[in-house]
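Here the structure is a predicted model, which is why all the values come from computation and not from measurement.
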Amino acid sequence: GELNPDFLEGYRKCDNKILTDGALSAKTKILMALAVVASKQCEVCAVSQMKSALKNGATKEEIMETMDVIFVTSGAPAVAACREALKLIK
């Protein structure tokens, strides 16, 4: 099956909203998205959000603080979902 073009257009608009500075910086919104996908234990999603965070200037310190938030709010399984993503940090 094909994806509905209207769905894809709506998704692109939402994605662009995350990747654009507003009241919150794009970097902050992406780190928030990383926390959400980690809480859902989506490893592929965590890698994608990590790449985006790094591309948008997230520092190792900011990422590790986000990992602290993930641990406190979602526990060890959510942190474990970020194993591959964390390998992207230099």
Is there side-chain contact between T28 and E62, with heavy atoms separated by less than 4.5 Å? no
Looking at every heavy atom in both A26 and D21, which two are closest together, and how far apart are they? N-OD1, 2.6 Å
Counting C-beta onward and ignoring hydrogens, is there a side-chain heavy-atom pair between V37 and V44 closer than 4.5 Å? no
So which heavy atom on K29 is nearest to which on G22, and how close? NZ-N, 4.1 Å
What distance separates E9 CD from K13 NZ, expressed to the nearest 0.5 Å? 5.0 Å
CG-NZ distance between L54 and K60, expressed to the nearest 0.5 angstrom: 11.5 Å
Distance (rounded to the nearest 0.5 Å) between S52 OG and K27 NZ: 12.5 Å
Output the distance between atom CE (M67) and atom CD1 (I89), rounded to the nearest 0.5 Å. 8.0 Å
Check the surroundings of atom CD in E65: do more than 12 heavy atoms from other residues, nucleotides or ligands lie under 6.0 Å from it? no
For C82 and I70, the nearest pair of non-hydrogen atoms, with its separation, is SG-CD1, 4.4 Å
Minimum heavy-atom separation for M64 to L86, with atom names? SD-CD2, 4.2 Å
Is there a donor-acceptor contact under 3.5 Å from the side chain of S39 to the main chain of V36? yes
Can you list the other members of the hydrophobic cluster that holds M32, where links are side-chain heavy atoms under 4.5 angstrom apart? L24
Exercise: identify the closest heavy-atom pair between A78 and S74: CB-CB, 3.5 Å
Can you tell me how far apart CG (L88) and OG (S48) are? Round to the nearest 0.5 Å. 10.5 Å
Of all the heavy-atom pairs spanning Q49 and A33, show the shortest one and how long it is. OE1-CB, 3.5 Å
Give me the other members of the hydrophobic cluster that I18 sits in, counting Ile, Leu, Val, Met, Phe, Trp and Tyr linked by side-chain heavy atoms under 4.5 Å, directly or via other members. L19, I30
Drop me the distance from L34's CG to T66's OG1, to the nearest 0.5 angstrom. 6.5 Å
Same apolar cluster (I L V M F W Y, side chains within < 4.5 Å links), M50/V69: no
